[in-house]
Q: 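Quick one: the structure is below, and I'll ask about it shortly.
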Protein chains: 2
Amino acid sequence: MTEITGLELTDISASCATSLVGEPLTAEDAEELAHTMKALADPARLRLLSIVAASAGGEACVCDLTEPVGLSQPTVSHHLKVLTEAGFLSRTKRGTWAYYALIPGALDRVSRALGAA
Amino acid sequence: MTEITGLELTDISASCATSLVGEPLTAEDAEELAHTMKALADPARLRLLSIVAASAGGEACVCDLTEPVGLSQPTVSHHLKVLTEAGFLSRTKRGTWAYYALIPGALDRVSRALGAA
DNA sequence: CGTCTATATCGACTATTGTCAATGTCATGA
DNA sequence: TCATGACATTGACAATAGTCGATATAGACG
């Protein structure tokens, strides 16, 4: 699991000046950015992210997501966890439901890390 | 290997309107984008990309890259192939050397797919 | 309390991936 | 022509990741 003890997207913004096309990435920066992008580099997670973003109120619960992506509930839950730990989604529990929402600016930070203008 | 028969970054620009945060990605679009991002989501490849981009003349040969990243020549060659097939690098052979260069705009297309402003 | 219902976690299995040593290819130069 | 040097390909292996079924947890509501 490796777990990278709690440094996620927030830390990328810390070393936000590193823009990939500027000067060579250090091994640590590359590891961080790769870890963040790995969370994004999966078709199921990209779809989940886009569905959540396009949902009414900007949030969706697991039961709304399992059918559109055609995956089992545990698998969807797993993907949502990955996205949450990577700093892309927030999780709010109301009643028995867990609502996931896109964290504003999270994707932009990745864009900037890639050297977006 | 799956190989996705020759549709890479160029095709993302074709369906460039799909911005992830707009409307939900189709399964095909998600597959394409994930495939492209998977090529980026590796520390070694990110470092290779940034080193190439920061090199004099914007290009570098394999022999220049193998030492900075601390990987064997076959491994570096493999990563460069992945990046090239994903549309991020171009390959030019001069003499015995193979020069790799960052393809302009390739990273920007990914940025835009992520919904960059 | 007991029973749904919604999620999360666990355990297992398979597929994919990153890596290297060995080998192949091919252009250069003696 | 033969040797050398730069790179690519192959084959193998360990580690990782995606998936599911089974099970656990935990609110809500009788």
Side-chain angles (χ1 to χ4, degrees), chain A residues 1-4 27 30-49 51-52 55 59-86 88-101, chain B residues 1-4 27 30-49 51-52 55 59-86 88-101:
Chain A
M1 188 70 74
T2 56
E3 198 47 61
I4 308 263
E31 203 81 40
E32 271 186 36
L33 182 54
H35 181 254
T36 300
M37 295 198 67
K38 234 180 255 281
L40 245 41
D42 178 90
R45 288 196 286 269
L46 285 173
R47 294 192 73 193
L48 288 171
L49 217 52
I51 293 172
V52 167
S55 294
E59 61 178 12
C61 60
V62 182
C63 59
D64 293 331
L65 298 169
T66 184
E67 182 269 332
V69 295
L71 292 172
S72 73
Q73 175 267 317
T75 301
V76 170
S77 213
H78 164 68
H79 285 311
L80 292 172
K81 181 179 184 179
V82 171
L83 287 170
T84 301
E85 286 180 340
F88 293 108
L89 290 180
S90 65
R91 195 185 97 114
T92 312
K93 195 154 190 184
R94 282 202 301 274
T96 18
W97 294 271
Y99 290 92
Y100 288 87
Chain B
M1 189 68 77
T2 58
E3 197 45 61
I4 311 258
E31 202 82 40
E32 271 186 35
L33 183 53
H35 181 255
T36 300
M37 295 198 65
K38 232 179 256 281
L40 245 41
D42 178 88
R45 289 197 284 269
L46 285 173
R47 294 193 72 193
L48 287 171
L49 218 52
I51 294 173
V52 166
S55 294
E59 60 178 14
C61 59
V62 182
C63 59
D64 293 332
L65 298 169
T66 184
E67 182 269 333
V69 295
L71 292 172
S72 74
Q73 175 266 316
T75 301
V76 171
S77 213
H78 163 69
H79 285 311
L80 292 173
K81 181 178 183 177
V82 171
L83 287 170
T84 302
E85 287 178 341
F88 293 110
L89 291 180
S90 64
R91 195 187 98 114
T92 312
K93 195 154 191 185
R94 282 201 302 274
T96 18
W97 292 271
Y99 290 92
Y100 288 86

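Protein chains get the first letters and strands the later ones, always in sequence-line order, with residue 1 at the start of each. Predicted model only: the values in this text are computed from it and were never measured.
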Q: Taking only N and O in the side chain of B:Y100, is any of them less than 4.0 Å away from OP1 or OP2 of D:dA6?
A: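 Answer is no, no contact under 4.0 Å.
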
Q: Write down the distance between CD (B:E67) and P (D:dA6), rounded to a whole number of angstrom.
A: 15 Å

Q: So B:K81, base contact, sugar-phosphate only, or nothing? Heavy-atom distance under 4.0 Å.
A: sugar-phosphate

Q: Mind calculating the distance between CG (A:L46) and P (D:dG18) to the nearest angstrom?
A: 11 Å

Q: Are any non-hydrogen side-chain atoms of B:L65 and B:L80 less than 4.5 angstrom apart?
A: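 Yes, at least one pair of side-chain atoms sits under 4.5 Å.
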
Q: Could you list, one pair per line, each protein nitrogen or oxygen that sits under 3.5 Å from a nitrogen or oxygen of nucleotides 18-22 of chain C, together with the distance?
A:
unit_1	atom_1	unit_2	atom_2	d
C:dG18	OP1	B:D42	OD1	3.4
C:dG18	OP1	B:R45	NH2	3.0
C:dG18	OP2	B:R45	NH1	3.4
C:dT19	OP2	B:H79	NE2	2.3
C:dC20	OP2	B:S72	N	3.0
C:dC20	OP2	B:S72	OG	3.0
C:dC20	OP2	B:T75	OG1	2.7

Q: If the helix axis at each end comes from five base pairs, how far does the helix from C:dC1-D:dG30 to C:dA30-D:dT1 deviate from straight, to 10°?
A: 10°

Q: Choosing from D:dT9, D:dC7, C:dA6, which nucleotide comes nearest the side chain of A:W97?
A: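 For the A:W97 side chain, the nearest candidate turns out to be C:dA6.
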
Q: Separation of B:L83 atom CG from C:dT17 atom C1', in whole Å?
A: 14 Å

Q: Using side chain to side chain donor-acceptor pair (under 3.5 Å) as the criterion, list what pairs up with B:S72, not counting sequence neighbours.
A: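 In terms of side chain to side chain donor-acceptor pair (under 3.5 Å), with neighbours along the sequence ignored, B:S72 is linked to B:T75.
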
Q: Looking at B:R91, does any N or O in its side chain come under 4.0 Å of the phosphate oxygens OP1/OP2 on D:dA8?
A: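 Answer yes for this pair, as a side-chain N or O of B:R91 is under 4.0 Å from OP1 or OP2.
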
Q: Would you check if the side chain of B:R94 reaches a backbone N or O of B:Y99 as a donor-acceptor pair within less than 3.5 Å?
A: no

Q: Between D:dA6, C:dA8, D:dC7, which nucleotide gets closest to the side-chain atoms of B:T96?
A: D:dA6

Q: What is the distance, to the nearest angstrom, from the CG atom on B:L80 to the P atom on D:dT9?
A: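 That distance rounds to 12 Å.
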
